[in-house]
Amino acid sequence: MAPSGPCPPSGVPMRVTQFFAAAALALASTFAVAAATDSNAGAEQAIRKSLQNLELEVPVESVASSPLNGLYEVKLQGGRVLYASADGQFVMQGYLFQIQDGKPVNLTEKTERQGIAKLINGIPAGEMVVYPAKGETKSHITVFTDTTCPYCHKLHAEVPELNRRGIEVRYVAFPRQGLGSSGDQQLQAVWCSSDRRGAMDKMVEGEEIKAAKCSNPVSKQFQLGQSIGVNGTPAIVLESGQVIPGYQPAPQVAKLALAK
């Protein structure tokens, strides 16, 4: 089922999108495996130097051999993956598939989801607005939300149903109009409230929430969302690291969240 949304970013800087647009222009569009350097360490150094010369915004987290001989996997901050030749002269963005038992397995998507899951599942509970599951917690979803987004309101109305199905809903902030916007101020008020869930409920219902200014993670979470490619709200991240852009009805979200 196609998502109904998401709410657009309304002028939010598209750092990740800009990065890949720049990469598409700056890097070779075709791939040829170059002669390998003497060691993996030498290959990593060459690849890092090539990417550094391009002055791309997204930092490189690691460089390692990929399952395909002669091809190196470059993990970027935020979970994205590129591939490079051992000498760093050829870099490509795209999916790497492995055929297993006659069926294609998307290795790139698998690696990216693992990176995103590590980031998202590592957010401390105290920095989120958490709606716990009723009874046994079978899974959880993390939702990048904006209290000014109608589709976020629509999803919020279905949180009780998700909780009944054993799914914990964890909210993180993503002011889609950028830091300093009215949405940013609203989200900061929610996060600075003594009762975050109550404040979130009231804010979604259109009530004004007043809270004293406090140290809060809104800007950090906004930057985290950008780093993994969030460009609208709601953006639902499953426990596995799969990102679902836009609103989905509770039964569909539950089906995806509970799939093993």
Side-chain angles (χ1 to χ4, degrees), residues 8-98 104-123 144 172 174-176 178-180 217 219-232 235 237 241-243 245:
S10 302
V12 172
M14 299 291 289
R15 294 181 182 176
V16 175
T17 302
Q18 289 172 346
F19 161 70
F20 284 109
L25 293 173
L27 303 176
S29 60
T30 57
F31 175 75
V33 178
T37 54
D38 293 337
S39 66
N40 286 342
E44 178 175 357
Q45 184 178 10
I47 292 167
R48 285 183 178 273
K49 182 177 180 180
S50 291
L51 293 176
Q52 184 178 8
N53 289 340
L54 292 175
E55 298 182 350
L56 303 174
E57 290 185 359
V58 183
V60 174
E61 287 198 341
S62 67
V63 178
S65 298
S66 80
L68 179 61
N69 186 34
L71 188 66
Y72 282 78
E73 179 183 84
V74 182
K75 292 182 181 179
L76 305 177
Q77 188 177 68
R80 300 302 179 90
V81 173
L82 299 177
Y83 297 99
S85 60
D87 59 5
Q89 293 186 30
F90 295 86
V91 181
M92 65 174 291
Q93 175 197 354
Y95 290 132
L96 176 63
F97 290 88
Q98 181 178 13
V105 176
N106 191 328
L107 300 181
T108 307
E109 187 176 78
K110 182 178 179 181
T111 299
E112 289 182 341
R113 287 183 180 180
Q114 289 172 346
I116 292 172
K118 182 179 179 180
L119 285 172
I120 299 302
N121 296 334
I123 301 173
F144 285 87
V172 290
F174 192 85
R176 61 195 174 93
L179 300 177
S219 62
K220 181 173 68 173
Q221 292 175 359
F222 175 65
Q223 292 166 0
L224 174 61
Q226 287 185 309
S227 76
I228 68 170
V230 174
N231 56 21
V237 185
Q242 179 182 353
V243 180

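Start at 1 with the first residue, then count along the sequence. Predicted model only: the values in this text are computed from it and were never measured. Values below: every heavy atom of this structure, side chains too, minus hydrogens, waters and symmetry copies.
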- Message: Can you tell me how far apart CD (E112) and CD1 (I228) are? Round to the nearest 0.5 Å.
- Response: 11.0 Å
- Task: Look up atom CG in N106 and atom CZ in R113, then write down how far apart they are to the nearest 0.5 Å.
- Result: 8.0 Å
- Message: Please give me the minimum heavy-atom distance between Q89 and S50, naming the atom from each residue.
- Response: N-OG, 4.4 Å
- Got a second to check how far Q242's CD is from I120's CD1, nearest 0.5 Å? 13.5 Å
- Message: If you count heavy atoms of other groups shown closer than 6.0 angstrom to CD of Q52, is the number above 12?
- Response: no
- Residues A84 and V74: closest non-hydrogen pair is CB-CG2, 4.2 Å
- Message: Quick check for you: to the nearest 0.5 Å, what is the distance between L51 atom CG and K49 atom NZ?
- Response: 12.5 Å
- Message: Can you confirm whether Y95 is buried at OH, in the sense that more than 12 heavy atoms of other residues, nucleotides or ligands lie under 6.0 Å from that atom?
- Response: no
- Query: At what distance, to the nearest 0.5 angstrom, does CG of L107 lie from OH of Y83?
  - Reply: 6.5 Å
- Hey, is the main chain of L96 close enough, under 3.5 Å, to the side chain of T108 for a donor-acceptor pair? yes
- Contact summary for I116 and G241, nearest pair of heavy atoms: CG2-O, 3.6 Å
- Which of parallel (below 30°), tilted (30 to 60°) and perpendicular (above 60°) describes F174 and F222? tilted
- Note on the structure: Output for pair (K75 NZ, R80 CZ), nearest 0.5 Å, gives 15.0 Å
- Message: Minimum heavy-atom separation for R48 and V60, please, with both atom names.
- Response: NH1-O, 3.5 Å
- Message: Please find the pair of heavy atoms, one from Y72 and one from S85, that lie closest to each other, and give the distance.
- Response: CD1-C, 4.4 Å
- Message: Strictly distance-based, threshold 3.5 Å: is any side-chain N or O of E73 a donor or acceptor partner for the main-chain N or O of V81?
- Response: no
- Residue list, side chain to side chain contact (heavy atoms under 4.5 Å, CB included) with K110, at least two apart or on another chain: Q114
